[in-house]
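Heads up: the structure comes next, in structure tokens.
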Amino acid sequence: MTSPHAAPAPKPLTAVVTGASSGIGRASAARLAADGWRVLAVARREDRLAELAADTGVETLGVDVTDQGSVDALSARVQELFDGELNAVLHIAGGAFGLEPVGAADLDAWQRMYDTNVAGTARVTKALLPALRASGRGSILILSSTAAQVAYENGSGYNAAKAGQHMIADALRLELNGEPIRVIEIAPGMVRTEEFSLVRLGDAEAAAKVYDGVEHPLTAQDCADVIAYALNAPQHVNLDLVTIRPLAQAAAHKVARNRGL
Ligand code: 8X3
């Protein structure tokens, strides 16, 4: 029998995950749902989201982070679904398009990288900040990359976009100091997902070569585990910046291949 003095069950924590149709976004949405969070998983590809919803029970919404009307609809859905109280936003939407030197830069691809990674993060943050504030326990988690930390040949467009996200994280942390909202940056190195290198390089053979001789690149699940740790940690613990690399990788340029790692 329940005691009349029993404390009410705590309200589940709420999260919005962008880029949830595949890779690290999908794995993070699924992991938070398994941890008991109420998750609104968003991405452009609604067919993929429907599969995720069927597998995990998360709520979904088709959202393009580069489109203001779409992000306004996201904010309205958060209001409706979570009574306007949001505990975490995970900025996973983004990615790399192309791999060429500055002298041959594909400026359309640069623009797309800026729009999705940088402006997308700012647009979604701006829209959801009132709900993060209203929850009294908020986290803004930005998935950047080791590409934000050190440049590499042919990486400049992506380096610039990811460095932009890093700066958003740092500025936000200063701006929100004194409020119960923490800002967490997760910076993975070599992660093998079904799409990252394929989207970047446009062909499966070139994409597979990136991981040649590396037996255990990071997986989306590895990243989701770290993300879940950061978000489930007590609110006073702020993992400002977590760099994650596979054992085989010491730096962007230093990858041990064919060593069984
Ligand atoms: C992915 C890491 O090395 O391809 O964000 O830039 S890298």
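Within the 3.5 Å criterion, the main-chain N or O of D240 finds a donor-acceptor partner in the side chain of R173. For D64 (side chain) and R44 (main-chain N/O), no donor-acceptor pair under 3.5 Å exists by modelled atom type. Panel note: side chain Q165, backbone V118; no donor-acceptor pair is recorded below 3.5 Å. Although no hydrogens or angles enter the test, the distance criterion places no donor-acceptor pair under 3.5 Å between the side chain of D83 and the main chain of E85. In this structure a side-chain-to-backbone donor-acceptor pair under 3.5 Å is present from K162 to L143.
The CD1 atom of I186 lies 8.5 Å from the OG atom of S144; values are rounded to the nearest 0.5 Å. Note that the CD atom of E185 and the CG atom of L172 stand 11.0 Å from one another [nearest 0.5 Å].
Under a cutoff of 6.0 Å and an axis angle of 45°, R200 and Y158 form a cation-pi pair.
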Stepwise side chain to side chain donor-acceptor pair (under 3.5 Å) test for D222 and T219: CA-CA 5 Å; D222 294 328; T219 63; 3.1 Å; yes
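Screening residues 217-253 for ring pair (Phe, Tyr, Trp, His ring centres under 6.0 Å), with sequence neighbours left out, gives no hits.
Within 6.0 Å of CD on Q221 lie more than 12 heavy atoms contributed by other residues, nucleotides or ligands. Atom OH of Y114 is surrounded by 12 or fewer heavy atoms from other residues, nucleotides or ligands within 6.0 Å.
Residues S135 and L86 have side chains not in contact (no heavy-atom distance under 4.5 Å, counting atoms from C-beta outward).
A salt bridge does not link D108 with R112: every distance from a Lys NZ or Arg NE/NH1/NH2 to an Asp or Glu carboxylate oxygen is 4.0 Å or more.
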